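Let me give you the structure first, and then I'll get to my questions.
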Amino acid sequence: MTDTVEDVVRVIARSATEIRRGLVGRRGKVDEENPSGETQAEADIWADELLADRLSTTDGVVQYASEERTDDLNCGDEGLAVAVDPLDGSSNLRSNNTMGTVFGIYDEPIPAPGTALVAAGYVLYGPITTMVYARDGQVTTYELSGGERTVVDEDVIVPDDPVVYGFGGRVPNWTDDFHQYANEIEDELKLRYGGSMIGDVNQVLSYGGIFAYPALEDSPNGKLRLQFEGNPIAYVMESAGGRSSDGTQSILEIEPTDLHGRVPLHVGNADLIDRLEAALE
Ligand code: AHG
Ligand code: MN
Ligand code: MN
Ligand code: MN
C-alpha cells in the first residue's frame, strides 16, 4: 500500500535542496504578478514550477495548487490535493534573510477547510535547512542535507512559557483592539520579527510565544493566504499543542470561498491566543 503523504513529503524534502541552491541568481523581481497581486521574484516562479512538475506526477496526488498560480493543476481522480507556498518570505531574497516552503496535504479538493488536512508542514531555509512536519497529531523536525532527512526532534511541543512575539503589518494599520493587545504583549515578550512567516513561526515553535499577521484597517482579511499559509501553519501549531485563530475561531474551521482568499492569522501558545480572542470580541 503506497503512502502518498509520505511520498509527497519526500518529494518536497528532496526538492528543497534544489530550491535552496536555485535561489542564487534568481533574486530579482520579474514583470509578473501572482493571484494576490504581488510582484513575483524569479525564484517564486522557479520554485513553483519545480514543485508543480514533481508533485503533479507523484502517484496519489490529484490536484496541485499554489500561491503563485491562478489555477490549480488537476492530475487524477482519486487521491490527495497538495497546496504550496513555494517560497514564503521571498521579499527576504533582497536582504538574504530566512525564507521557507509551506505545504498542506488535503483529502478534499482545494479550496478546502483546514479540517480536511491530513498532513502539513514547512521547510525553513535558515543556516541549516530544516523541515517541520505534522501528521496524526505528531510534529517532527528534520535536518535536510543532500535530499535526505535526519530526525532531530520527533515530538515538537510549543514550550509552555512564552518568550517571543512577532506581529506583521504597520502599527498605524492595526485595529484599535489589536493595538491594545499588542501593547500588553510588548511588555511581556521579546520582539522577534524577520519578515518571513516561516522564520517567525519557527521562532514561536522553538521558544513559545505568538506570531500574528492580523486584520488591518485597509485589509480586514490581513495578508496571508488561507490555503497556502494559514491552514498549514495552524495545523502544525495545533498539532504541537498551541492554538490558531482568525480572531474568533480556529483557522482550521474556516469554510473557504476562494482559492486565494486571505485570513487574519494568529498562532502560538493557547493562553496567548485565548487572550487575543477576548481582546478582539
Ligand atoms: P510570501 O513571500 O509567500 O508572499 O509571504 C510573505 C508574507 C509572510 O511570509 C510574512 O509573514 C509577510 O508576508 C511579511 O509581510 P510584510 O513584508 O508586510 O512584513
Ligand atoms: Mn509573495
Ligand atoms: Mn508566504
Ligand atoms: Mn510565497
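As the structure is a computational prediction, the values presented were derived from the model and not from experiment. Whatever order the structure lists them in is the order used to number ligands and atoms, beginning at 1.
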Report yes or no: does a heavy atom of Glu68 sit under 4.0 Å from some atom of ligand 1?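 Not so, Glu68 does not reach ligand 1.
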What do the steps show when you test Tyr106 against Asn231 for side-chain hydrogen bond (donor to acceptor under 3.5 Å, both in side chains), and what is the final call? CA-CA 10 Å; Tyr106 296 83; Asn231 278 340; 3.2 Å; yes
Do Asp88 and ligand 1 have an N or O pair less than 3.5 Å apart? yes
Check: Asn74/Tyr64 side-chain N/O donor and acceptor closer than 3.5 Å: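 Result is no, nothing qualifies.
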Does any N, O or S atom in Leu87 come within less than 2.8 Å of the Mn ion (ligand 4)? yes
Do any of the N/O/S atoms of Asp88, backbone or side chain, fall under 2.8 Å from the Mn ion (ligand 3)? yes
Judged by modelled atom types alone, do Glu277 and Thr248 share a side-chain donor-acceptor pair under 3.5 Å? no
Could you tell me whether Tyr193 and ligand 1 have an N or O pair separated by under 3.5 Å?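 By distance alone, the answer is yes.
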May I ask whether Val263 and Leu216 are part of the same hydrophobic cluster, defined by side-chain heavy atoms of I, L, V, M, F, W, Y residues being less than 4.5 angstrom apart, directly or through others?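 As far as the 4.5 Å side-chain criterion goes, Leu216 and Val263 are connected within one cluster.
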May I ask whether Leu87 has any heavy atom positioned less than 4.0 angstrom from an atom of ligand 1? yes
Between Met99, Arg225, Lys223, Gln40, flag the one that comes closest to atom 4 (O) of ligand 1 by a heavy atom. Arg225
Contact summary for Tyr133 and Glu6, nearest pair of heavy atoms: OH-OE1, 3.8 Å
Anything under 30° is parallel, anything over 60° is perpendicular, the rest tilted; go ahead and classify Phe167 against Phe178.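 Perpendicular, since the angle between the ring planes exceeds 60°.
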Met197 to ligand 1: N or O pair under 3.5 Å? yes
Gly195: numbered ligand 1 atoms lying under 4.0 Å from its heavy atoms: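 This gives 10 (C), 14 (C) as the contact atoms.
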Would you say Ser90 and Asp44 make side-chain contact, with heavy atoms under 4.5 Å? yes
Min N/O separation Tyr213 to ligand 1 under 3.5 Å: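 Indeed, backbone or side chain, Tyr213 has an N or O that close.
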What I want to know is whether Leu224 and ligand 1 share at least one N or O pair that is separated by under 3.5 angstrom. no
Apply side-chain hydrogen bond (donor to acceptor under 3.5 Å, both in side chains) to the pair Glu33 and Gln40, showing each step before the final yes or no. CA-CA 6 Å; Glu33 274 193 359; Gln40 293 174 302; over 6 Å; no
Residue Asp85 atom name (nearest to the Mn ion (ligand 4); N/O/S):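 Per the distance ranking, Asp85 contributes OD1 as its closest N/O/S atom to the Mn ion (ligand 4).
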Is the closest heavy atom of Gly168 to ligand 1 under 4.0 Å?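 The answer is no: ligand 1 sits nowhere under 4.0 Å from a heavy atom of Gly168.
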Of Asp85, Leu265, Asn34, the one whose closest heavy atom lies nearest atom 3 (O) of ligand 1 is Asp85
Check contact between Arg170 and ligand 1, using heavy atoms of the residue and a distance below 4.0 angstrom.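 No, Arg170 has no heavy atom closer than 4.0 Å to ligand 1.
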Nearest-contact summary for atom 6 (C) of ligand 1 - protein heavy atom, Å: Gly89 N, 3.9 Å
Evaluate side-chain hydrogen bond (donor to acceptor under 3.5 Å, both in side chains) for Arg262 paired with Ser219, printing each intermediate quantity in order. CA-CA 9 Å; Arg262 298 177 192 270; Ser219 172; 5.3 Å; no
Please indicate whether Gln180 has more than 12 foreign heavy atoms, meaning atoms of other residues, nucleotides or ligands, lying under 6.0 Å from its CD.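 Not more than 12 within 6.0 Å, no.
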The Mn ion (ligand 4) to Glu67: nearest N/O/S atom name: OE2
